[in-house]
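Shown next, in structure tokens, is the structure this report addresses.
Owing to the predicted nature of the structure, the values given are computational and were not obtained by experimental measurement.
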Amino acid sequence: MAEAILMPRLSDTMTEGVIAAWHKQVGDSVKKGDLLAEIETDKATMELESYQEGVLLHIGTAAGGKLQVNDLLAILGKAGEDVSALIAQHSGGAPAPVAVVSAEVATPVVTATVSAGLDISTLEEVVLMPRLSDTMTEGVIAGWQKQVGDSVKKGDVLADIETDKATMELESYKDGVLLYQGAKAGEKILVNDLLCIIGKPGQNITDIVSASKNMGTAVPAAAPAEAPASNTTIPTSAPVTSAPVVETVVNEGRIFASPLAKKIATEKGIDLRFVKGSGDNGRITKSDIDGYTPATAATPVVSAPAKAASAPVVSVPAGELSFVDTPVSQMRKVIARRLSESLFTAPHFYLTMSIDMDAAVAARTKINELAKTKISFNDMVLKATALSLKQHPKVNSSWLGDSIRTNYHVNIGVAVAVEEGLLVPVVRFADGKSLSQIGAEVKDFAQKAKDKKLQPSDWEGSTFTISNLGMFGIEEFTAIINPPDACILAVGGISQVPVVKNGQVVPGNVMKLTLSCDHRVVDGATGAAFLQTLKSMLEEPLRMLV
């Protein structure tokens with residue numbers, strides 16, 4: 001019996017998907033696990049695999065078309081099976097509406113439609129600014145990789161988009177010629193505003209551009225970031241260069257690989273550009289990853305930047321006013337908005353506790369004598385926190401407005417400072433990971449954050465957050481809760497101070513922890529009990545192994 005496949009919700013904010021490409025056509029046989037199509041969501045282009053066998057009898061829209069979540073995507077069944085009833089069922093029992101065109105119009109081209117009533121979001125030529133993160137409301141064009149008049153193929157990078165969390169590459173999901181750019185490099189575009197138009201050479205796009213302005217979805221008038229007005233000249237550092245890697249790139253543009261192959265490649269640190277695929281259309285499979293041996297890479301040559309590059313020393317004449325106005329980045333805007341909302345809407349209270357770290361210091365020394373990955377005190381705090389949250393799930397809760405969600409899984413966000421602000425990648429299911437696994441994952445996240453390579457899946461879904469400023473010599477501080485989490489733990493540095501043990505004053509290693517709590521979710525006694533458990537874990541590290 002024929003079975004309908006509906007457009008799945010592939011991200012938490014997805015409302016519609018664009019068919020970037022069909023890998024099976026009507027009449028083709030399909031097996032479980034076969035790649036049906038590539039679907040562009042609001043966050044990424046993802047592969048959709050079949051979960052059943054049969055013949056592809058119907059597709060809901062051609063490549064480049066859009067479907068709402070739960071719209072009819074495809075139908076699989078037996079060859080020759082009648083699927084008209086199934087199509088009618090998922091289209092409301094009526095045929096698809098047909099556009100009525102005035103008899104005065106010579107040819108039914110899109111540009112002949114009155115611009116004021118033209119819905120540009122339905123046009124195949126139009127590319128709107130996508131929502132590249134869960135908190136993104138606008139994007140800045142960091143740079144165009146294609147210019148007006150250039151030919152564009154599926155998978156080509158159109159532009160670099162700066163969001164509130166990272167700078168991400170936007171790939172084209174269709175072939176054509178770039179006819180229009182909605183903004184110049186440095187300018188801002190709101191989500192769902194006109195980003196660019198890709199069509200046929202010589203196509204008239206006047207009505208599309210006019211319609212975008214009439215509907216309020218036109219190019220924003222934000223001016224590009226200009227050099228700040230100042231009497232001071234700030235030097236820039238020379239670009240960092242590296243020696244080429246002795247490997248041949250076999251995959252250009254969009255890389256086709258199975259989800260399992262991508263996962264294994266990520267775990268092994270393999271760059272898929274250098275892996276030759278043995279599947280259909282050069283698709284990379286698990287066996288290709290297993291059989292891949294990387295070539296020897298040349299030793300990178302990195303020019304050491306001058307210390308003045310990170311903190312330029314500016315000479316200012318005495319008695320003369322001098323200043324620099326720096327435009328607020330997307331990341332800084334969202335940090336300001338979200339943390340202001342958190343501080344002024346969530347009733348914060350703070351609990352501070354001193355931890356005797358003598359046993360932890362001794363344990364870390366012994367662990368690092370054997371461990372391949374060096375363990376930091378932050379890794380030990382994260383592991384102890386994860387185990388403590390399992391015992392105190394109320395602290396691992398989320399405020400949702402009309403309800404409180406108690407999380408029984410532990411996903412800990414780790415605040416990472418970058419030049420533009422703060423990112424919080426998430427260590428998932430941290431309670432079930434070893435210290436070595438946690439240490440390696442945190443180091444990888446920190447490097448990705450600095451390189452602006454974090455993906456939306458890396459920073460979504462935290463249930464608790466840790467912020468550590470101990471490495472900067474900060475002994476104690478309070479942190480603002482990262483919504484929708486109910487708590488955040490501020491970790492200070494380890495200080496050698498006099499302590500009383502067995503009636504005698506002796507030197508000891510003490511670390512202070514401050515728990516910020518949302519009083520709508522967590523009461524004082526609940527937070528205190530959590531800190532007591534955390535204290536026992538850190539003061540007797542063997543408890544973390546039980």
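- Judged by distance alone, with hydrogens and angles left aside, the side-chain atoms of S388 form a donor-acceptor pair with the main-chain N or O of A384 at under 3.5 Å.
- Taking all atoms of both residues into account, the shortest heavy-atom contact from S354 to V510 is CB-CG1, 4.0 Å.
- Sorted by first and then second residue, the ring-ring contact (aromatic ring centres under 6.0 Å, His included) pairs involving residues 407-443 (not counting sequence neighbours) form an empty list.
- Using a 4.5 Å heavy-atom cutoff, the side chains of I367 and R364 are not in contact.
- Residue pairs meeting the side chain to side chain donor-acceptor pair (under 3.5 Å) criterion with at least one partner in residues 530-539, sequence neighbours excluded, are H392-T533, K535-E539.
- Atom CG of residue L435 and atom CG of residue L382 lie 9.5 Å apart, to the nearest 0.5 angstrom.
- The side-chain heavy atoms of E187 and V140, taken from C-beta on, include no pair separated by under 4.5 Å.
- At a threshold of 4.5 Å between non-hydrogen side-chain atoms, the residues V426 and E460 do not count as touching.
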Donor-acceptor list for residues 461-470 side chains, cut-off 3.5 Å, not counting sequence neighbours:
| unit_1 | atom_1 | unit_2 | atom_2 | d |
| --- | --- | --- | --- | --- |
| S462 | OG | D485 | OD1 | 3.4 |
| S462 | OG | D485 | OD2 | 3.1 |
| T463 | OG1 | N396 | OD1 | 2.7 |
| T463 | OG1 | N411 | N | 3.1 |
| T463 | OG1 | N411 | O | 3.1 |
| T465 | OG1 | D485 | OD2 | 2.9 |
| N468 | OD1 | G470 | N | 2.7 |
| N468 | ND2 | N378 | OD1 | 2.9 |

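- Here I189 contributes atom CD1 and C196 contributes atom SG; the two are 8.5 Å apart, rounded to the nearest 0.5 Å.
- Of the possible polar contacts, none joining the S342 side chain to the R338 backbone as a donor-acceptor pair under 3.5 Å is found.
- Side-chain atoms of S495 do not come within 3.5 Å of backbone N or O of V497 as any donor-acceptor pair.
- In this structure, I375 and S436 have side chains that are in contact, with non-hydrogen atoms separated by less than 4.5 Å.
- Side-chain contact between L6 and V69 is absent, with no heavy atoms from C-beta onward closer than 4.5 Å.
- Closest heavy-atom contact between V491 and F477: O-CE2, 3.4 Å.
- Between I87 and H58, some side-chain heavy-atom pair lies under the 4.5 Å cut-off.
- Applying the salt bridge (Lys or Arg N to Asp or Glu O under 4.0 Å) rule to pairs touching residues 506-515 yields E476-K512, sequence neighbours excluded.
- Screening residues 332-370 for ring-ring contact (aromatic ring centres under 6.0 Å, His included) gives F349-H519 as the qualifying pairs, with residues at least two apart or on separate chains.
- When all heavy atoms of V395 and A486 are compared, the closest pair comes out as O-CB, 4.5 Å.
- Nearest heavy atoms, L73 versus P8: CD2-CD, 4.4 Å.
- Heavy-atom minimum distance, L86 versus E3: CD2-C, 4.1 Å.
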- Message: Between L272 and I284, does the side-chain contact (heavy atoms from CB on, under 4.5 Å) criterion hold? Intermediate values first, please.
- Response: CA-CA 8 Å; L272 293 178; I284 300 171; 4.1 Å; yes
- Task: Please assess L76 against S50 for the test side-chain contact (heavy atoms from CB on, under 4.5 Å), listing each intermediate value before the final yes or no.
- Result: CA-CA 9 Å; L76 289 178; S50 175; 3.6 Å; yes
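- Atom OG1 of T385 and atom CG of L531 lie 9.0 Å apart (nearest 0.5 Å).
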- Query: Please walk me through it: do N407 and S397 pass side-chain hydrogen bond (donor to acceptor under 3.5 Å, both in side chains)?
  - Reply: CA-CA 5 Å; N407 300 295; S397 299; 5.8 Å; no
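- Here L489 contributes atom CG and C487 contributes atom SG; the two are 9.5 Å apart, rounded to the nearest 0.5 Å.
- Every residue meeting the side-chain hydrogen bond (donor to acceptor under 3.5 Å, both in side chains) condition with Q447, not counting sequence neighbours, appears here in chain and number order: D451.
- You'll find the side chain of L195 stays beyond 4.5 Å of the side chain of L158, heavy atoms only.
- Counting heavy atoms from C-beta outward, L534 and L538 have side chains that approach closer than 4.5 Å.
- Contacts of K501 classified as salt bridge (Lys or Arg N to Asp or Glu O under 4.0 Å), with partners at least two apart in sequence or in another chain: D356, D358.
- The side-chain hydrogen bond (donor to acceptor under 3.5 Å, both in side chains) search around D444 returns none, not counting sequence neighbours.
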- Apply the test side-chain contact (heavy atoms from CB on, under 4.5 Å) to residues D458 and L423: give CA-CA distance (whole Å), side-chain angles for both, the deciding distance (0.1 Å), then the verdict. CA-CA 10 Å; D458 294 330; L423 293 174; over 6 Å; no
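- Counting only residues at least two apart or on different chains, no salt bridge (Lys or Arg N to Asp or Glu O under 4.0 Å) pair has a member in residues 391-414.
- Rounding to the nearest 0.5 Å places CD1 of I19 at 4.0 Å from CE of M7.
- Within a 6.0 Å radius of CD in Q496, other residues, nucleotides and ligands contribute 12 heavy atoms or fewer.
- Rounded to the nearest 0.5 Å, atoms CG (L170) and CD1 (I141) are 8.5 Å apart.
- Legend: residues meeting side-chain hydrogen bond (donor to acceptor under 3.5 Å, both in side chains) with T352, ordered by chain and number and at least two apart, are T514.
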- Message: L339 vs E341, test: side-chain contact (heavy atoms from CB on, under 4.5 Å). Steps then yes/no.
- Response: CA-CA 5 Å; L339 294 188; E341 290 174 356; over 6 Å; no
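- Panel note: side chain K383, backbone K433; a donor-acceptor pair is recorded below 3.5 Å.
- Heavy-atom minimum distance, A336 versus S340: O-OG, 2.6 Å.
- Atom CD of Q68 sits in a crowded spot, with more than 12 heavy atoms from other residues, nucleotides or ligands closer than 6.0 Å.
- Here the side chain of K374 pairs a donor or acceptor atom with the backbone of N368 at under 3.5 angstrom.
- Side-chain N or O atoms of W459 include none that pairs as donor or acceptor with a backbone N or O of G413 at under 3.5 Å.
- Judged as a salt bridge (Lys or Arg N to Asp or Glu O under 4.0 Å), and not counting sequence neighbours, D523 has no contacts.
- Evaluation of the side-chain hydrogen bond (donor to acceptor under 3.5 Å, both in side chains) rule for S376 yields D379 as partners, not counting sequence neighbours.
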